[in-house]
Peer 1: 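One structure follows; several queries about it will come next.
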There are 2 protein chains.
Amino acid sequence: MRVPKKERQRLLQETIEHNPFIKDEELSKQFSVSIQTIRLDRMELKIPEVRERIKHVASEHLDEVKSLALSEVIGDMIDLKLDDSAISVLDIEKEHVFSRNEIARGHVLFAQANSLAVALIDDELALTTKAEIRFSRQVHLGERVVAKARVEKLRRDGRTDVTVESFVGEECVFNGEFTIYRRGEEEQA
Amino acid sequence: MRVPKKERQRLLQETIEHNPFIKDEELSKQFSVSIQTIRLDRMELKIPEVRERIKHVASEHLDEVKSLALSEVIGDMIDLKLDDSAISVLDIEKEHVFSRNEIARGHVLFAQANSLAVALIDDELALTTKAEIRFSRQVHLGERVVAKARVEKLRRDGRTDVTVESFVGEECVFNGEFTIYRRGEEEQA
DNA sequence: AAAGAACTTAATACCTGGTACTAATAGCAG
DNA sequence: CTGCTATTAGTACCAGGTATTAAGTTCTTT
């Protein structure tokens with residue numbers, strides 16, 4: 001029931017990490033020590049009180065809401081010439097990778113490329129109808145992917161061919177041909 | 001500066017909604033009334049105290065973390081025979097669609113299909129190397145997409161061909177051929 | 001103008017989950 | 001036994017409230 005100090009502090013750290021809502025009193029029961037001991041432990045480990053922990057979790061939440069709204073286009077658009085070419089940048093973070101090997105999921109790279117291809121189209125409605133894509137190299141956590149899109153052909157039937165190539169540094173990691181359907185304002189349903 | 005009760009309560013509601021972290025004291029300054037008035041207002045409007053509000057925001061956050069972790073596979077897997085076939089279901093919600101026309105983004109359907117194809121592979125490492133996809137019908141907010149994946153060919157070189165077809169009701173809305181690279185445990189880098 | 005209702009402010013006791021500090025005690029090594 | 005670490009106890013104080021009672025202040029309505 002009762003473990004030595006070092007071990008207890010390790011467990012305390014873990015416990016709080018995975019349940020930031022837990023109060024000192026409950027912790028003291030869990031480790032069979034006094035509430036003061038828990039407080040000394042928190043001090044040594046620089047773990048703030050429960051209200052501060054909760055506040056922190058909550059404010060992270062607000063940040064995320066903002067960044068989700070930004071993800072209309074996945075990645076940051078840094079250049080856009082409508083019906084011509086566009087470039088976006090995406091930093092690969094935890095939520096983009098498989099946890100077991102930290103390699104970016106295919107649909108993340110696809111999403112960046114697809115969003116860019118759609119954003120490139122200067123019309124009211126733009127939807128992907130077809131794509132042919134290749135993943136030529138694994139992309140790892142922390143790497144920065146630069147996607148470059150270029151309009152290849154504006155067809156008469158309202159379809160546009162766009163090619164996208166994505167790079168990490170000099171290396172091409174992904175490329176694809178997209179066919180985008182478009183429709184102007186006047187023809188809306 | 002000073003507004004009538006009804007108006008003040010409306011503004012109070014809004015203010016707290018978009019900044020749940022605000023304390024009664026600050027609110028009382030903002031509306032030029034006493035702190036007690038703010039508290040009466042909160043009671044009438046059944047708005048809890050600041051700590052409870054923060055707790056609520058934070059716990060929503062934890063829910064999201066869980067559901068993000070679940071999104072290893074996008075959509076719910078309802079059937080899986082490794083190296084053979086699999087089925088997943090995805091309900092199209094707000095975050096999946098373009099806000100202007102409520103049509104699902106292409107990369108959402110791709111993500112469902114791609115995740116399913118990867119999950120199908122019975123190996124340590126599985127990555128998409130190539131895909132050819134077609135979007136045959138628009139998918140709208142609220143619709144339920146059922147994706148069916150089937151292994152077509154297990155090649156000797158460690159690549160596997162998988163086809164995925166996605167349906168809304170009887171209608172095929174998406175289909176694609178994926179080539180998945182795989183590697184067993186013994187060959188890991 | 002007087003009465004009454006609705007609204008606002010004040011004052012006080014109490015609560016939770018702490019901080020900050022001081023002091024006492026337990027357990028063990030040299 | 002001395003000295004040291006670890007633990008426990010106790011007290012004063014704080015923020016941000018709840019809950020309650022009481023006392024104004026408006027505004028309206030007759």
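Just so it is clear: chains get the letters A, B, ... in the order the sequence lines come, proteins before strands, and each one is counted from 1.
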Peer 1: Without decimals, in angstroms, what is the distance between Ile22(B) CD1 and dG16(D) P?
Peer 2: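 One finds 12 Å between P of dG16(D) and CD1 of Ile22(B), rounded.
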Peer 1: If I take atom NZ in residue Lys5(B) and atom C1' in nucleotide dT26(D), what distance separates them, rounded to the nearest angstrom?
Peer 2: 13 Å
Peer 1: For the side chain of Arg39(A), starting at C-beta, report the closest nucleotide among dA20(C), dG18(C), dA6(D).
Peer 2: dG18(C)
Peer 1: For the side chain of Arg2(A), starting at C-beta, report the closest nucleotide among dA19(D), dG17(C), dT8(D).
Peer 2: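 Of the candidates, dT8(D) comes closest.
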Peer 1: Please tell me which of the listed nucleotides, dA10(C), dT8(C), dA20(C), lies nearest to the side chain of Met43(A)?
Peer 2: dA20(C)
Peer 1: Describe the nucleic acid contact of Glu49(A) in one word from base, sugar-phosphate, nothing, applying a heavy-atom distance below 4.0 Å.
Peer 2: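 Result for Glu49(A) = sugar-phosphate.
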Peer 1: Donor-acceptor pair under 3.5 Å: do we get one between Arg51(A)'s side chain and the base of dG18(C)?
Peer 2: no
Peer 1: Between Phe110(B) and Phe178(B) (judged by ring centroids, cut-off 6.0 Å), do the two rings come close enough to count as a pair?
Peer 2: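 Centroid distance Phe110(B)-Phe178(B): below 6.0 Å, so yes.
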Peer 1: Base, sugar-phosphate or nothing for Arg42(A)? Non-hydrogen atoms, less than 4.0 Å.
Peer 2: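 Result for Arg42(A) = sugar-phosphate.
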Peer 1: Show your working on salt bridge (Lys or Arg N to Asp or Glu O under 4.0 Å) between Arg53(A) and Glu49(A) and close with a plain yes or no.
Peer 2: CA-CA 6 Å; Arg53(A) 294 191 308 255; Glu49(A) 61 170 291; over 6 Å; no
Peer 1: May I have the distance from Lys23(A) (atom NZ) to dC15(C) (atom C1'), rounded to whole angstrom?
Peer 2: 12 Å
Peer 1: Would one find more than 12 heavy atoms of other residues, nucleotides or ligands at under 6.0 Å from atom NE2 of His140(A)?
Peer 2: yes
Peer 1: Of the options dG18(C), dA9(D), dT9(C), whose atoms approach the side-chain atoms of Ser34(A) most closely?
Peer 2: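 Nucleotide nearest to Ser34(A)'s side chain: dA9(D).
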Peer 1: Let me know the distance between CD of Gln36(A) and P of dA23(C), rounded to the nearest Å.
Peer 2: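 Between P of dA23(C) and CD of Gln36(A): 16 Å.
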Peer 1: From the list dG18(C), dT7(D), dT9(C), which nucleotide is the closest neighbour of the side chain of Thr37(B)?
Peer 2: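 Of the options given, the side chain of Thr37(B) lies nearest dT9(C).
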Peer 1: For Pro48(A) and for Asp41(B), find the nucleotide of DNA chain C with the closest heavy atom, then tell me which residue's nucleotide is more 5'.
Peer 2: Asp41(B)
Peer 1: Nearest-Å distance, NZ (Lys29(B)) to P (dG16(D))?
Peer 2: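 Atom-to-atom, Lys29(B) to dG16(D), this comes out as 11 Å.
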Peer 1: At 4.0 Å (heavy atoms only), tell me whether Arg8(B) reaches a base, stays on the sugar-phosphate, or touches nothing.
Peer 2: sugar-phosphate
Peer 1: In whole angstrom, give the distance that lies between atom CG of Asp24(B) and atom P of dG16(D).
Peer 2: 10 Å
Peer 1: Roughly how many Å is it from CD1 in Ile35(A) to C1' in dT8(D), rounded to a whole number?
Peer 2: 12 Å
Peer 1: Once you apply a heavy-atom cut-off of 4.0 Å, does Leu40(A) come out as touching a base, just sugar-phosphate, or nothing?
Peer 2: base
Peer 1: Taking salt bridge (Lys or Arg N to Asp or Glu O under 4.0 Å) as the criterion, tell me which of Arg150(A), Arg182(A), Lys153(A) meets it with Asp83(A).
Peer 2: Arg182(A)
Peer 1: Is Leu80(A) reachable from Val146(A) through a run of hydrophobic residues whose side-chain heavy atoms are each under 4.5 Å from the next?
Peer 2: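 Shared cluster, no.
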Peer 1: Rounded to whole Å, please give me the gap between CD in Glu44(B) and C1' in dA19(D).
Peer 2: 16 Å
